[in-house]
Amino acid sequence: MLKIYTKTNCTKCDAVKEYAKNANVPHEVVDITNNIEMLTFLREMLPGAGFPVVKFEDGEYLGGNVEAIIERMSQITVEVKDKPYFWAK
């Protein structure tokens with residue numbers, strides 16, 4: 001399951017959360033608006049990147065670039081959608 005790190009009043013964060021929900025991508029939303037430790041960690045991990053920051057299951061972090069995040073998430077979506085079909089066999 002991937003983690004979507006968000007902040008309040010972040011339209012890019014809202015777009016990524018909405019995509020994950022609509023595409024049935026398993027995810028957890030973590031609002032770090034008031035979590036200075038996590039904000040500092042993510043800024044050190046991805047200098048210059050904005051929000052949202054997404055941590056994928058393989059440990060990769062992507063931040064700020066909604067198109068790149070959604071592209072990566074779309075690969076997960078395909079895998080998730082295929083599983084019920086294979087289970088039905």
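The shown structure was predicted, so the numbers you read here are calculated from the model rather than taken from an experiment. Because only heavy atoms are used, hydrogens play no part in the values below, and waters and symmetry mates are left out as well, while side chains stay in.
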Determine whether F51 and L39 satisfy the following criterion, side chain to side chain contact (heavy atoms under 4.5 Å, CB included), listing intermediate values before the conclusion. CA-CA 10 Å; F51 281 86; L39 283 166; 3.6 Å; yes

If I take atom CD from residue E44 and atom CG from residue L42, how far apart are they, to the nearest 0.5 angstrom? 9.5 Å

Atom pair OG1/CD1 of T8 and I32 - distance to nearest 0.5 Å: 10.5 Å

Same apolar cluster (I L V M F W Y, side chains within < 4.5 Å links), L46/V30: yes

For the residue pair Y5 and Y61, does the interplanar ring angle fall in the parallel (under 30°), tilted (30 to 60°) or perpendicular (over 60°) class? parallel

Given N65 and K12, is the side chain to side chain contact (heavy atoms under 4.5 Å, CB included) satisfied, shown in steps? CA-CA 8 Å; N65 186 332; K12 290 181 178 182; over 6 Å; no

Just wondering, more than 12 heavy atoms not from E37 lying within 6.0 Å of its CD? no

Give the cluster check for F41 versus I36: same hydrophobic cluster or not, with ILVMFWY residues linked at side-chain heavy-atom distances below 4.5 Å. yes

Is the number of heavy atoms from other residues, nucleotides or ligands within 6.0 Å of CG (N22) greater than 12? yes

Could you please spell out the steps behind the side chain to side chain contact (heavy atoms under 4.5 Å, CB included) verdict for V25 and L2? CA-CA 8 Å; V25 174; L2 58 85; 3.7 Å; yes

Please round to the nearest 0.5 Å and tell me the distance separating atom NZ of K55 and atom CD of E60. 12.0 Å

Please lay out, stage by stage, how F56 and M73 fare under the test side chain to side chain contact (heavy atoms under 4.5 Å, CB included). CA-CA 9 Å; F56 292 88; M73 288 171 67; 3.8 Å; yes

Before giving the answer on salt bridge (charged side-chain N to carboxylate O under 4.0 Å, His left out), spell out for D31 and K17 the whole-Å C-alpha distance, their side-chain angles and the decisive distance to 0.1 Å. CA-CA 11 Å; D31 184 339; K17 290 187 297 186; over 6 Å; no

